[in-house]
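As structure tokens, the structure follows; a few thoughts come after it.
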Amino acid sequence: MLIIPVKDGENIDRALKRFKRKFDRTKTMRNLRERKQFTKPSVNRRREIQKAAYIQGLRDKENI
């Protein structure tokens, strides 16, 4: 649970902005979207390998 202390005389928009920033940093929405559907471990591993190969390809191009 997020707790945002609001100081006396503080603008509610500023407190809301702090709440949103803190909420984004906790990665709550990302976790919820991830858990919406199950992905098999083999699919996750394949995706990670493809991502690593893509990044390696970008680094190889950069060094040419």
I need the R14 CZ to K17 NZ distance, nearest 0.5 Å. 7.0 Å
Any chain of hydrophobic side-chain contacts (each under 4.5 Å) joining L2 to V6? no
From N31 CG over to K36 NZ, what is the distance, rounded to the nearest 0.5 angstrom? 13.5 Å
Once you round to the nearest 0.5 Å, how far does CD1 of I3 lie from NZ of K22? 7.5 Å
Can you find a pair of side-chain heavy atoms, one from R21 and one from F23, that are under 4.5 Å apart? no
Common cluster, L32/F38, ILVMFWY with side-chain heavy-atom separation under 4.5 Å: no
To the nearest 0.5 Å, atom CZ of R45 lies from atom NZ of K40 at 10.5 Å
